Undergrad: 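After the structure tokens below, expect a handful of questions from me.
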Amino acid sequence: MTQYPHLFSPIKIGNTTVKNRIFMPPLSTNLADKGYVTDALVEHYSNRAKGGVGLIITEVTTVEPVYTYLPGDMSIYDDSYIPGWKKLVDAVHQYDCKILSQLFHPAYMAFPIPGTPQLIAPSNVGPYYARSAPRPVTVEELHTIVQQFGQAARRFQIAGGDGVEIQAAHAHGLLGGFLTPLYNKRTDEYGGDINGRLRLTLEVIAEIRKTCGRDFLIDVRISGDEYSDGGLTLNDMIYVSKQLEKAGVDFIHVSGGNTIKRGSSMPAPGTSPAPHAHASEEIRRHLHIPVSTVARINEPWIAEELIANGKTDICMIGRPNLCDSEFANKAMAGTPEDIRPCIGCGRCLTGIMFGKPIACTVNPSVQSNEIAPAAEKKKVLVIGGGPAGMEAAYVAKKRGHEVLLCEKQEELGGLLRLAAVPIGKQDLCKVIKFMIRRLHNEGVPVRTGCEVTPEMLAGEFAGYEVVCTTGATAKEIEAFTCFKQTMTADDILSGRGFPGRKIVILGGGSVGCETADYLAPLINDLFPANRDVTIIEMTNQLMTGEGGPAKSALTQRLMRKGVHIELNSTITRVDETTITYTKDGAEHTIRDADTLVFAVGYTPAPLPGGEKIHRIGDCDKVGNLKDAISAAYELAKNL
């Protein structure tokens, strides 16, 4: 008997029964080859089907040849694509998993491949990041596009697919753009009021029904609320959902937000689970067909509660299934603690805009769960119990090596323990706990409070293959340590240092900004005990190299909290009581600060000498969590 009875109960959708309520929503992978299904795509989706998912919705699948969404996305605009799709569908079906293809026309969001004609849109209104204005699509072109949707659905049906999803959410692509008043300014039959804006989606549904018949599943993805002035509201979308049900749609996929308001459609890490469930709950009250919700449903208990409490019929669980393809099976078996935790960082999708395949911070082997046994068994010493060390030790042990992990601190986790302290970073604690549990389950011996010396390497560990993951130490600027109280951001996050009330943080990278967020008052209400925090950053932006919802949410929080942000600013002089910096050619002096905090990067920790020593993680090259875990995985799988 499963501890999640609602989540693992079957559900009837149209004339099709799906074995459970865990559905995988579309996530672009960049694994297709000129739109064609590849072996990597088959492995990717079949691993999730094998992992127990009830129904999979594939990533964006374009329905015509002119406009490309991403260079590595899938297509089905002519019959040559059918054999590859059949191979994929058959691979998924062998695990009693249903599969839908998300049909899509990118329109004004198409990738600017050389030779692409002017992009089309509902009106001559483009997204905020557009490089040039799109042109309004003509009525005649719309009639052709409707037929292309129908033909694409028919090809997927021939390949054995169970149905299609129509993407009309997030002001995203052609149908989403037509539906939102933010982009649709037309005055013909496809615009003006909500019925005009919905018309194109209804015509697509009618064409697919006519072409594929009643038993072929159709779901429509919508934003239950765009959370934006001038955008779609929940009341709008209750009405839209009723019309979709009348049109013969089998279920509604309720997302939220749009691509204009960063963090609304893809929530930032640390934000509330299931942020669109209020919309799915309200829409569900007015329909007779199933409704799903999506976003930050990272743990089985959350999904169970959502269904049990009437918030939704189905949970779309995307990034957690990417992070651990066995998510559903582990939940079904009652071992949720063995699920590799998704931290919601979004790095899985940030690389795809630059042509990289989908990846995961916590799971370096997104495509395959196989860890091949080593041809030669070795004795392996791993020095350092941070994320790189724990990953290396686990993979080496799985390959059959005799592994010992030594950590000089009394607890495992390394700098990840500090990274979990700031606001919104709690999920990193789950990663540490998960990695420790894996070591225990695999029987990896761990010595904490053990600093490995050169003498130990020459004696006790002679003949061992050594993997060094000793991390890095926070930098200080020696010339500025004359100030009356200085400390590093790591000192604050570890509790070694306790700052005063008037704080200057030198460095506006991720560490500096997260530390400012941690120190700043939760409410900017001018309460006398509130800390006054200033960030001084020499470049023209915060968190250079970072992007997406996490950066947006953190920046907005800093501004709401009243953190002073000084960009293009360089500290030129510090004495015991003053901090002087230049900005835009002018000199400014802070005279009332009591603490100067360094957030200026890290220096790799000193390394022991010796032969057969592999250096990975921050002690090799300072990077992020994804860099550390990936480097450890790659090294250990080749030891």
Side-chain angles (χ1 to χ4, degrees), residues 6-7 11 13-14 18 21-27 54-57 100 102-104 163-173 175-180 194 197-198 201-202 204-205 217-228 231-259 261 263-267 271-298 302-321:
H6 294 85
L7 189 57
I11 184 168
I13 301 175
V18 182
R21 313 294 181 97
I22 299 178
F23 289 14
M24 185 169 177
L27 287 170
L55 183 147
I56 289 171
I57 304 171
L100 311 185
Q102 189 197 65
L103 300 186
F104 186 70
V164 293
E165 174 171 275
I166 306 303
Q167 160 66 340
H170 309 146
H172 190 59
L175 300 184
F178 262 84
L179 190 54
T180 180
I194 196 165
R197 299 198 310 272
L198 180 59
T201 297
L202 294 178
V204 166
I205 293 165
L217 296 180
I218 301 176
D219 98 86
V220 179
R221 190 179 204 191
I222 62 170
S223 287
D225 190 328
E226 286 193 327
Y227 316 126
S228 302
L232 293 164
T233 66
L234 176 55
N235 197 54
D236 292 333
M237 300 316 294
I238 293 169
Y239 175 79
V240 165
S241 298
K242 289 178 179 178
Q243 310 318 305
L244 294 174
E245 182 177 28
K246 289 177 184 176
V249 167
D250 295 297
F251 76 96
I252 306 290
H253 178 176
V254 180
S255 185
N258 54 46
T259 55
K261 186 176 182 180
S264 61
S265 58
M266 184 178 171
T271 52
S272 298
H276 314 308
H278 68 287
S280 63
E281 179 183 28
E282 187 60 27
I283 288 170
R284 182 175 178 267
R285 289 180 57 239
H286 301 276
L287 301 183
H288 302 91
I289 57 175
V291 171
S292 71
T293 192
V294 69
R296 285 196 57 77
I297 308 172
N298 291 355
I302 298 172
E304 175 71 14
E305 286 292 299
L306 289 168
I307 298 170
N309 297 338
K311 303 288 187 182
T312 187
D313 300 296
I314 298 157
C315 287
M316 294 280 176
I317 301 177
R319 287 181 285 170
N321 269 306

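If you're wondering where the values come from, they're calculated on a predicted model, not measured in any experiment. Positions are given from 1 along the sequence.
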Undergrad: Is the shortest side-chain heavy-atom distance between I57 and D219 below 4.5 Å?
TA: yes
Undergrad: Identify the heavy atoms of G224 and I283 that sit nearest to each other, and give their distance.
TA: CA-CD1, 4.2 Å
Undergrad: Main chain of I289, side chain of E245: is a donor-acceptor contact present, judged purely on distance under 3.5 Å?
TA: yes
Undergrad: Taking the side chain as every heavy atom from C-beta outward, state whether M237 and V240 have any pair of such atoms under 4.5 Å apart.
TA: yes
Undergrad: Which atoms form the tightest heavy-atom contact between D225 and L234, and what is the distance?
TA: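 Taking every non-hydrogen atom into account, OD2-N, 3.7 Å.
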Undergrad: Hey, are the side chains of D250 and I13 touching, using non-hydrogen atoms and a 4.5 Å cut-off?
TA: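 Yes - at least one pair of side-chain heavy atoms lies under 4.5 Å apart.
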Undergrad: If you apply the rule side-chain contact (heavy atoms from CB on, under 4.5 Å), what do you find for I314 with V291, and how did you get there?
TA: CA-CA 6 Å; I314 298 157; V291 171; over 6 Å; no
Undergrad: Heavy atoms, side chains only, cut-off 4.5 Å: are M316 and N321 in contact?
TA: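 No, their side chains stay 4.5 Å or more apart.
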Undergrad: Have a look at P273 and tell me which of N298, I302, I297 forms a side chain to side chain contact (heavy atoms under 4.5 Å, CB included) with it.
TA: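 Going through N298, I302, I297 one by one, the side chain to side chain contact (heavy atoms under 4.5 Å, CB included) with P273 is satisfied by I302 alone.
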Undergrad: Do R21 and H6 pass the side-chain contact (heavy atoms from CB on, under 4.5 Å) test, and can you show the C-alpha distance, the side-chain angles, and the key distance before you say yes or no?
TA: CA-CA 8 Å; R21 313 294 181 97; H6 294 85; over 6 Å; no
Undergrad: When you measure from the side chain of S223 to the backbone N and O of G257, does any donor-acceptor pair fall under 3.5 Å?
TA: yes
Undergrad: Any chance you could measure L198, atom CG, to Y239, atom OH, to the nearest 0.5 Å?
TA: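 Those atoms lie 7.5 Å apart.
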Undergrad: Which atom names give the shortest non-hydrogen contact between Q167 and L175, and what distance separates them?
TA: O-CB, 3.5 Å
Undergrad: If I compare all heavy atoms of F178 with all of R197, which pair ends up nearest, and what's the gap?
TA: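 Here F178 and R197 meet closest at O-CB, 3.0 Å.
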Undergrad: When rounded to the nearest 0.5 angstrom, what is the spacing between CD1 in I22 and SG in C315?
TA: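 Answer rounded to 0.5 Å: 8.0 Å.
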Undergrad: Between the side chains of H170 and S255, is a donor N or O closer than 3.5 angstrom to an acceptor N or O?
TA: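 Per modelled atom types, H170 and S255 side chains form a pair under 3.5 Å.
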Undergrad: If every non-hydrogen atom of G54 is compared with every non-hydrogen atom of V18, which pair is closest and at what distance?
TA: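 Minimum heavy-atom contact is O-CG1, 3.4 Å.
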Undergrad: Where is the tightest heavy-atom contact between L306 and A274, given as atom of each residue plus distance?
TA: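 Nearest pair, atom of L306 first, then A274: CD1-CB, 3.7 Å.
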Undergrad: Taking atom types as modelled, is there a side-chain donor on E226 or T180 under 3.5 Å from an acceptor on the other?
TA: yes
Undergrad: Can you tell if the side chain of F23 reaches within under 4.5 Å of the side chain of H253, non-hydrogen atoms only?
TA: no
Undergrad: Apply side-chain contact (heavy atoms from CB on, under 4.5 Å) to residues I252 and S292 and explain how you reach the verdict.
TA: CA-CA 6 Å; I252 306 290; S292 71; over 6 Å; no
Undergrad: With side chains defined as the heavy atoms from C-beta onward, is the minimum distance between E282 and I238 less than 4.5 Å?
TA: yes
Undergrad: I'd like to know whether S228 forms a side-chain hydrogen bond (donor to acceptor under 3.5 Å, both in side chains) with N258, so could you lay out the CA-CA distance, the side-chain angles of the two residues, the decisive distance to 0.1 Å, and finally the verdict.
TA: CA-CA 8 Å; S228 302; N258 54 46; 3.0 Å; yes
Undergrad: Where the side chain of R284 meets the backbone of P290, is there a donor-acceptor pair that is under 3.5 Å apart?
TA: no
Undergrad: If I take atom CD1 from residue I194 and atom CG from residue L232, how far apart are they, to the nearest 0.5 angstrom?
TA: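 One gets 6.5 Å once the value is rounded to the nearest 0.5 Å.
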Undergrad: Taking the side chain from N309 and the backbone from K311, do they hold a donor-acceptor pair closer than 3.5 Å?
TA: no
Undergrad: Can you measure from CG (L7) to CD1 (I307) and round to the nearest 0.5 angstrom?
TA: 5.0 Å
Undergrad: For E281, does its backbone N or O pair with a side-chain atom of T312 as donor and acceptor, under 3.5 Å?
TA: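 No.
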Undergrad: Could you go step by step and tell me if F104 and R221 meet the side-chain contact (heavy atoms from CB on, under 4.5 Å) rule?
TA: CA-CA 11 Å; F104 186 70; R221 190 179 204 191; over 6 Å; no
Undergrad: Side chains of L244 and L202, heavy atoms from C-beta outward: is any pair under 4.5 Å?
TA: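 Yes, their side chains come closer than 4.5 Å.
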Undergrad: With side chains defined as the heavy atoms from C-beta onward, is the minimum distance between V164 and L100 less than 4.5 Å?
TA: no
